[in-house]
Amino acid sequence: MRQRYSFHLDRAGHSVTVNVRSGWITETELLVDGKECAFHRVHGHGVYPLTLAARLAVEPPLPLAVRLERTGAAEHPLACVLEVDGAELAMPEHAAR
């Protein structure tokens, strides 16, 4: 059965979303302001930790990264952290669509 996870955080007027669809193939996408900026696809249930990088569209562009890790908990098996401007911010899990 395919599982879906979604994490979202608004930062500095920008929207950062991470969607994970796992099953036979695990696909992870990073959206910044609704646009896909990074994508990872692997056979199986994913390889963690996984880091995806992008940039915020500010002047000058501000690099960011999101890091996904397994938690070991059955209820919330993945955790997501946004790394931007020297800060690490936990991204809350949202109901996946």
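Listed here is the closest heavy atom pair of E69 and P49: CG-CB, 3.8 Å.
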Report task. Could you walk me through whether V18 and M91 pass side-chain contact (heavy atoms from CB on, under 4.5 Å), step by step? Result -> CA-CA 9 Å; V18 176; M91 294 182 69; 4.2 Å; yes
Could you walk me through whether H40 and L52 satisfy the side-chain contact (heavy atoms from CB on, under 4.5 Å) test, starting with their C-alpha distance in whole Å, then the side-chain angles of each, then the deciding distance to 0.1 Å, before giving a yes or no? CA-CA 8 Å; H40 183 263; L52 298 175; 4.0 Å; yes
Evaluate the criterion side-chain contact (heavy atoms from CB on, under 4.5 Å) for residue pair L9 and L89; output intermediate values, then yes/no. CA-CA 9 Å; L9 189 66; L89 307 163; 3.8 Å; yes
Applying side-chain contact (heavy atoms from CB on, under 4.5 Å), run through V42 and I25 and close with a yes or a no. CA-CA 6 Å; V42 65; I25 295 174; over 6 Å; no
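Between the side chain of D33 and the backbone N or O of S15 there is at least one donor-acceptor pair closer than 3.5 Å. Proximity of a side-chain donor or acceptor of T71 to a complementary backbone N or O of H76 within less than 3.5 Å is detected. Using modelled atom types, one side-chain atom of T26 and one backbone atom of G44 make a donor-acceptor pair closer than 3.5 Å.
You'll find the side chain of Y5 stays beyond 4.5 Å of the side chain of C80, heavy atoms only. The closest side-chain heavy-atom distance from L64 to L30 is below 4.5 Å. Between W24 and H43, the closest side-chain pair of non-hydrogen atoms is not below 4.5 Å. Considering only heavy atoms from C-beta on, E29 comes within 4.5 Å of R21 through its side chain. Counting heavy atoms from C-beta on, the side chains of L78 and F7 come closer than 4.5 Å.
Between the side chains of H8 and T17, at least one donor N or O sits under 3.5 Å from an acceptor N or O.
In terms of hydrophobic clustering, with Ile, Leu, Val, Met, Phe, Trp and Tyr side chains grouped at heavy-atom distances under 4.5 Å, L31 and L82 are assigned to different clusters. In this structure, V81 is not a member of the same hydrophobic cluster as V47, with clusters built from ILVMFWY side-chain heavy atoms closer than 4.5 Å. Under a hydrophobic-cluster definition in which Ile, Leu, Val, Met, Phe, Trp and Tyr are linked whenever side-chain heavy atoms come within less than 4.5 Å, directly or via other members, V58 and V84 are assigned to the same cluster.
More than 12 heavy atoms of other residues, nucleotides or ligands sit less than 6.0 Å from atom CZ of R70.
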